[in-house]
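Right, one structure below, let's go through it.
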Amino acid sequence: MKTLNVGIIGCGTVSGTHSEAFMQLPDIELKWACDLLPERTGKIKEKYGYDNTTLDYKELLADPELDAVSVCTDHASHAEICCAALEAGKHVLCEKALAAHSEGLDKMTAAAKAHPELVFSGVFQHRFDAANQYIKRLVEHDSFGTVLSAGLRMYCRRTNEYYEADEWRGTWKYEGGGVMINQAIHYVDAISWLMGGVEKVSGTYAIRTHQDVIETEDTVTASLKFRSGALGIIEATSSSTQNWHPAFWIHGTHGWLEMCNGRPLRVQFQDKAFEERVSIDLAVCRDRPGVQTRKKYYGTGHTAQIEDFANAIREERPAFIPAIQACHAVDIVFGIYESHNTGAWVTLPDRED
């Protein structure tokens with residue numbers, strides 16, 4: 001098996017998760033760590049054993065022995081770095097959200113199409129959760145009958161100190177939004193993926209508790225029309241009493257399923273034998289072992305996604321989550337912001353077309 005030399009660009013909070021996930025895999029060499037702050041690169045080199053550090057990602061990309069990079073910087077820099085990495089012939093795994101603005105998504109889409117020989121993947125680790133993959137199969141096999149509606153609630157708590165810790169947080173220019181583009185986007189992607197994509201959105205947002213600290217939203221509600229014709233809703237806030245409470249549901253003519261933090265809250269089908277089987281299968285999914293990295297609410301999907309990324313490079317195939325697919329959740333978020341500003345429904349682009 002070919003050893004893959006990998007680098008990480010951005011040595012903040014999530015970089016440890018990527019580093020630990022890469023270390024779980026065979027034949028991976030941690031070659032470069034890059035950050036604008038030398039104390040961060042020094043710390044990550046010492047902890048994970050990276051061979052080299054740099055403050056300039058272009059130095060990293062100039063290394064002919066480097067095969068792939070994980071991009072873990074702030075949202076606004078993702079597009080520039082990812083496009084440069086693809087131009088340099090490197091495979092790319094980019095953290096959410098892929099970009100802070102639609103223009104960045106446009107550039108990344110063009111770069112991905114210009115370099116089909118390279119693996120370019122966007123991180124949405126919850127697609128790798130065993131329960132979500134099982135529910136995806138239920139949807140694809142029409143187990144819910146005609147799906148009527150689906151939606152999600154994402155309640156979490158972020159303090160003023162959280163937003164003040166990094167100057168890019170809670171800004172339109174550098175983060176591209178607030179709770180929707182940072183915390184809720186994981187589950188926006190999950191429900192959209194489970195349901196086969198979103199056609200149009202309508203939404204509004206507000207700052208309810210973080211006035212004078214952020215310029216973006218801390219509370220959002222939105223309506224969705226899925227490509228299937230089903231309807232949906234989103235409710236998200238970073239001002240909750242709940243530290244982390246992601247819940248989603250799918251409701252159809254044959255059954256109703258509601259999940260929270262990977263556990264079923266409601267499993268109800270007309271066919272009671274099928275209902276019992278789904279309950280048992282979800283319990284098996286919940287108890288399936290996985291490699292936990294750092295923060296518990298990240299789940300075990302990072303290791304699975306990074307393994308898929310490495311295997312895709314070696315097998316010369318697309319990743320399970322191509323970057324163009326990962327753009328869709330960001331387009332949903334941007335569509336909600338645009339709807340708030342215009343008061344109209346927003347039709348989303350089809351970037352895979």
Side-chain angles (χ1 to χ4, degrees), residues 8-15 34-37 40 55-58 69-87 92 94-112 122-124 154 156 158-186 188-189 201 203-220 222 234 236-239 323 326-343 346 348-349 351:
I8 195 160
I9 304 174
C11 297
T13 301
V14 79
S15 65
C34 173
D35 197 280
L36 296 175
L37 301 177
R40 284 185 171 179
L55 306 183
D56 185 352
Y57 74 85
K58 294 177 182 177
V69 294
S70 270
V71 179
C72 300
T73 57
D74 62 275
H75 302 169
S77 64
H78 285 175
E80 175 188 325
I81 294 171
C82 289
C83 291
L86 293 170
E87 284 297 316
V92 179
C94 184
E95 260 295 339
K96 61 83 190 167
L98 280 186
H101 307 95
S102 293
E103 294 81 0
L105 291 183
D106 294 341
K107 292 177 181 178
M108 296 168 99
T109 298
V123 173
F124 279 121
M154 175 57 210
C156 67
R158 293 295 182 265
T159 63
N160 286 347
E161 289 75 19
Y162 165 85
Y163 287 109
E164 291 169 340
D166 291 291
E167 63 180 2
W168 59 274
R169 294 190 186 278
T171 63
W172 291 114
K173 182 176 181 180
Y174 297 109
E175 189 167 18
V179 64
M180 277 298 293
I181 204 168
N182 196 321
Q183 290 80 29
I185 197 168
H186 294 283
V188 171
D189 175 76
V201 299
T204 191
Y205 60 80
I207 306 175
R208 298 297 297 150
T209 66
H210 297 97
Q211 293 89 348
D212 302 322
V213 178
I214 64 174
E215 60 186 31
T216 59
E217 86 290 348
D218 61 24
T219 304
V220 180
I234 293 173
T237 183
S238 60
S239 300
C327 286
H328 187 58
V330 196
D331 279 323
I332 294 170
V333 171
F334 291 160
I336 292 169
Y337 294 156
E338 181 182 344
S339 176
H340 170 90
N341 293 327
T342 64
V346 174
L348 305 181
R351 296 183 180 274

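In what follows, residues are counted from 1 in the order of the sequence shown. From a predicted model like this one, the values you see are computed outputs, not experimental measurements.
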* Asked: Any side-chain hydrogen bond (donor to acceptor under 3.5 Å, both in side chains) pairs touching residues 329-338, not counting sequence neighbours?
  -> E217-Y337, D331-R351
* Taking all non-hydrogen atoms of both residues into account, name the closest pair between A323 and L98 and its distance. => O-CD1, 3.3 Å
* Asked: Can the ring centroids of F334 and W172 be said to lie less than 6.0 angstrom from one another?
  -> no
* Rounded to the nearest 0.5 Å, how far apart are SG of C327 and CG of D106? -> 8.5 Å
* Asked: Are side-chain heavy atoms of V201 and L348 found at a separation under 4.5 Å?
  -> yes
* To do: Check side chain to side chain contact (heavy atoms under 4.5 Å, CB included) between K107 and all other residues, then give those that pass, not counting sequence neighbours.
  => C83
* Should the heavy atoms of other residues, nucleotides or ligands under 6.0 Å from CG of L36 be counted, would the total exceed 12? -> no
* To do: Work out which heavy atom in C34 is nearest to a heavy atom in D56; give both atom names and the distance.
  => SG-C, 3.8 Å
* Who are the side chain to side chain contact (heavy atoms under 4.5 Å, CB included) partners of D212, not counting sequence neighbours? -> none
* Go through the structure and list residues passing side chain to side chain donor-acceptor pair (under 3.5 Å) with E80, not counting sequence neighbours. => Y57
* Y162: what forms a side chain to side chain contact (heavy atoms under 4.5 Å, CB included) with it, not counting sequence neighbours? -> R158, T159, R169, N182, Q183
* Asked: Sub-3.5 Å donor-acceptor pair from the side chain of D74 to the main-chain atoms of W168, do we have one?
  -> no
* Go through the steps to decide whether M180 and I234 satisfy the test side-chain contact (heavy atoms from CB on, under 4.5 Å), and finish with yes or no. => CA-CA 10 Å; M180 277 298 293; I234 293 173; 4.1 Å; yes
* **H75 and Y174 aromatic centres sub-6.0 Å** => no
* Output all residues satisfying salt bridge (Lys or Arg N to Asp or Glu O under 4.0 Å) with D189, sequence neighbours left out; order by chain, then residue number. => R127
* Residues that H101 engages under ring-ring contact (aromatic ring centres under 6.0 Å, His included), provided they are two or more places apart -> none
* To do: Heavy atoms only: give me the nearest S339-V346 pair and the separation to one decimal.
  => N-CG2, 3.7 Å
* Nearest heavy-atom pair of Y163 and S238: which atoms, and what distance? -> OH-OG, 3.0 Å
* Under 3.5 Å, side chain of H78 to main-chain N/O of A97, donor-acceptor pair present? -> yes
* With sequence neighbours left out, what residues match T219 under side chain to side chain donor-acceptor pair (under 3.5 Å)? -> T237
* Would you say the side chain of H210 lies within less than 4.5 Å of the side chain of S239, judging by non-hydrogen atoms? -> yes
* How many angstroms lie between CE in M108 and CD1 in I81, if you round to the nearest 0.5 Å? -> 9.5 Å
* To do: Compare all side-chain heavy atoms of V220 with those of I336 and state whether any distance is below 4.5 angstrom.
  => yes
* To do: With the side chain counted from C-beta on, respond yes when V123 and C94 share a heavy-atom pair under 4.5 Å apart, and no when they do not.
  => no
* **Smallest separation among heavy atoms of I181 and A99, with atom names** => CD1-O, 3.8 Å
* How long is the gap from NZ on K96 to CD1 on I185, to the nearest 0.5 Å? -> 7.5 Å
* Set of ring-ring contact (aromatic ring centres under 6.0 Å, His included) partners for H328, sequence neighbours left out -> none
* Could you tell me whether the side chain of E215 and the main chain of T171 form a donor-acceptor pair under 3.5 Å? => no
* Structure fact -> C82 and V92 have their tightest heavy-atom pair at SG-CG1, 3.7 Å
* Asked: Does Y205 offer a backbone N or O that forms a donor-acceptor pair with the side chain of H340 under 3.5 Å?
  -> yes
* Asked: Just by distance, do the side chain of E167 and the backbone of E164 share a donor-acceptor pair under 3.5 Å?
  -> no
* **Non-neighbouring partners of E87 that pass side chain to side chain donor-acceptor pair (under 3.5 Å), sequence neighbours left out** => H115
* To do: Apply side chain to side chain contact (heavy atoms under 4.5 Å, CB included) to L37 and list each qualifying residue two or more places apart in sequence or on a separate chain.
  => D35, E39, R40
* V71 and T73, any side-chain heavy atoms less than 4.5 Å apart -> yes
